[in-house]
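Throughout, a chain's letter reflects where its sequence line sits, starting with A, and its residues are numbered from 1. We use all heavy atoms of the structure for the numbers below, so side chains are in, but hydrogens, waters and symmetry mates are not.
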There are 2 protein chains.
Amino acid sequence: MITTRDIAERLGVSVSTVGRALADDPRISEETKFRVRQAASEMGYVGNRAARMMRGASSNVVALVIPDIRNSFYSTIAHELSKNMEAEGFQLMLSETDDDRTAELRHLRELSANRVAGVIIVPTARPHTESVRLLRAMPHLQLLRRHPSLGSQWFGVDDHEALRQATAHLVAQGHTRIAYLGGPEELPTGAERLRGFRSALHEGGLPDDAGRAELGPPSSVDHGRDTVRRLLTGRDVPTALVLGSIQLTLGVLEELSQQGVKVPQELSVVGFGDEPGFSWWGPGLTTVGLPIQEMATGCALWMMRRLKTKPSNDGPYTSLSPGSLVVRGSTAPPGGKAPSRPV
Amino acid sequence: MITTRDIAERLGVSVSTVGRALADDPRISEETKFRVRQAASEMGYVGNRAARMMRGASSNVVALVIPDIRNSFYSTIAHELSKNMEAEGFQLMLSETDDDRTAELRHLRELSANRVAGVIIVPTARPHTESVRLLRAMPHLQLLRRHPSLGSQWFGVDDHEALRQATAHLVAQGHTRIAYLGGPEELPTGAERLRGFRSALHEGGLPDDAGRAELGPPSSVDHGRDTVRRLLTGRDVPTALVLGSIQLTLGVLEELSQQGVKVPQELSVVGFGDEPGFSWWGPGLTTVGLPIQEMATGCALWMMRRLKTKPSNDGPYTSLSPGSLVVRGSTAPPGGKAPSRPV
DNA sequence: TGTCTTTGTGCTAACGTTAGCATTGCTGAA
DNA sequence: TTCAGCAATGCTAACGTTAGCACAAAGACA
């Protein structure tokens, strides 16, 4: 690997001169600068950031710690972050936890050892104490989920309101046996969405047993498939179903298609997120659209500002993005007809 | 930030002792090792990889350079790579080029400055000369697309065969006006897929003008949408359509759904890739399934071996994964009835 | 002519870690 | 007693870059 020293020796100048020439130091004559740049280019010199970091410069890498990049929710975020950060000269590091706190810890240790400039994390349900300590030691922000013991900036969607809206839509159509399929309560998002579901039932004046909640791993397509199968074959089959995660929605849609369940005649469905395919599924899926891009851009901007300006964060403590209900054909009054829409 | 020196001072030993204790050097007494580890843990010491790299150690970061992580094709690859590499203690860096060679170059410069251990790249159509030079200077492999001037290891799918199969399926059903919608010929994958399309027509004994190729940006959903709209409203409307990229397929499916085109009665469609949603689209999409996981795992393993063992690569120069046609309901003889399958 | 400033460059130390080569104190053999 | 041999640890240099200070040459001014 070519170093400033190699260039210096070739030109018969000192390493300082080379370094300064490359940094465009005004004290160096234009002629020397030109010769240095020329040589650097010819020799294929590429500065060593590790060495620069040793001199106190900070890394230009920001890490994104998420459960699973295959989830299009997260890949959208990754893309948006990457795009915004590249403009500022930052690179993106990707760490997948698979919702496993030990994997999360392993990654945070690595990121810490690599001295990444910042971390954007979707925390697992209950991070290890060491994870919390590591995070506290670096600029970071939480995405979607918020872990209380990290008192840091948080960007999320209004989960409570999203599920309240989704459920209220079904209640308004007269459903009285509504099932909710979502993530576990130990996840902050899971708890909020469940609360939103319950709120809507309550506001609609429905009895407690009108709603039925099935909680489980939120990022498992298979779990969605299995649960909806169980729901439909068991007793007391609901007339409507609200979903509380994208992956669960994907599983449910697949299973319903496969079983040939008539939607919305036999079952009304409200999905979560708005993925490609949701619009062409059956009669079109009514779903809660999420402002993923806006949220990701917000994150990126906040992090960039945080990393550029030394002083403590002056931004708002949290940033809540609202979801919005996209009404398509998968919801109708219980036992109602299919909507007049070509399939 | 805590350094070995801080620990050394606190324990009244030398930095060497601390360093060796942490590296589990057999020359250090068990008691000292214990005290050092204890102190390190208490003080929250995290080794500085930048410093280690200066001493000749290599980075533990492998970069993935792709057009767009939102393309589920690439997010699957990223996931698979990440999973396989984490087991070996490597981290994944993500660089998106958006198929822009200048962005590609910017990223490669950064990766080079960061001294990443290796690069896995889906090259743009015509990388800059400097990009090629930079890549040559680091362990790397090409994914999907192969740029000739990099004589490096390549992992790809058998694009020619994939499109040959897809098209042959339509030819066998008697179609004689088949359109192909794919990426530009300047992309190696684009050229191969187009060649596969033409091969199938030729083998089927069809005249040259039976096939019609519409080439354009392969990762643009919108382009898929627009082109299919144009195809259907123009004169000489084809009876069958073969797609040559996932994103184009997504666009086409959306447009066909929206326009209410009857598939396969009015138009037979063969997609590319097998995304969630393809199975429940209309009558079920006949498509070319790609062995993404296997390919990604192959990449990861090759790269890991390459990075662990110093000597030159002894693996095969290329690794071709076959696609496989998944036949569902979106294809039928021209003017034929819908298949007997519940929608 | 002597001193002061300016311009351009060199020297050196420092960042945190590691590896080679001392150094110390001890045990056991000659 | 003397010294080899060993265990445990210390000292120092080096990795590539940068910043502070020093320094030489040349022009400016009295």
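- The environment of Arg133(A) atom CZ is dense: over 12 non-hydrogen atoms of other residues, nucleotides or ligands sit within 6.0 angstrom.
- With hydrogens and angles ignored, the 3.5 Å screen pairs no side-chain donor or acceptor of Arg146(A) with any backbone N or O of Leu143(A).
- Listed nucleotides dT17(D), dT17(C), dT9(D) differ in distance to Thr4(A); the shortest reach to its side chain belongs to dT17(D).
- For the pair Val18(B) and Arg27(A), both in contact range of DNA chain D, the more 5′-proximal nearest nucleotide belongs to Val18(B).
- Per the geometry, CD belonging to Glu31(B) stands 11 Å off P belonging to dA8(D), to the nearest Å.
- Counting non-hydrogen atoms under 4.0 angstrom, Arg55(A) reaches a base of the nucleic acid.
- Contact of the Leu81(B) side chain with the Val62(B) side chain is not registered, since no non-hydrogen atoms from C-beta on lie closer than 4.5 Å.
- A residue-by-residue look at Arg115(B) and Val15(B) shows that Val15(B) has its nearest nucleotide of DNA chain D further toward the 5' end.
- Side-chain N/O atoms of Thr32(B) include one lying less than 4.0 angstrom from OP1 or OP2 on dT9(D).
- The minimum heavy-atom distance linking Ile66(A) with Tyr74(A) is given by the pair CD1-CB, 3.6 Å.
- When distances run from any side-chain atom of Val13(B) to the nucleotides dT17(D), dT9(C), dG10(D), the shortest one goes to dG10(D).
- Summarising the geometry, the separation between CE on Met1(A) and P on dG16(D) is reported as 11 Å, rounded to the nearest angstrom.
- Side-chain proximity of Tyr45(A) to dG8(C), dT17(D), dC15(C): nearest is dT17(D).
- Residues Glu30(A) and Ser16(A) both approach DNA chain C. Their nearest nucleotides, taken by heavy-atom distance, put Glu30(A) toward the 5′ side.
- Within the structure, a side-chain polar atom (N or O) of Thr17(B) is placed less than 4.0 Å from OP1 or OP2 of dG10(D).
- Between Leu11(A) atom CG and dG8(C) atom C1' there is a gap of 15 Å when expressed in whole angstrom units.
- At the phosphate of dC15(D), neither OP1 nor OP2 sits under 4.0 Å from any side-chain N or O atom of Thr3(A).
- Between the CG atom of Asp25(A) and the P atom of dT7(C) there is a distance of 13 Å, rounded to whole Å.
- Regarding Phe34(B), its CZ atom lies at a distance of 17 Å from the P atom of dA8(D), rounded to whole Å.
- Distance, Arg5(A) CZ to dC15(D) P: 6 Å, rounded to whole Å.
- Nearest-nucleotide assignment on DNA chain C puts the 5′-proximal partner with Ser14(A), out of Asn48(B) and Ser14(A).
- A salt bridge does not link Arg101(A) with Glu104(A): none of the charged nitrogens is closer than 4.0 Å to a carboxylate oxygen.
- Distances from the side chain of Arg20(B) to the nucleotides dC15(D), dA19(C), dT17(C) place dA19(C) closest.
- Nucleic acid contact class of Arg52(A) (heavy atoms, under 4.0 Å, all strands): sugar-phosphate only.
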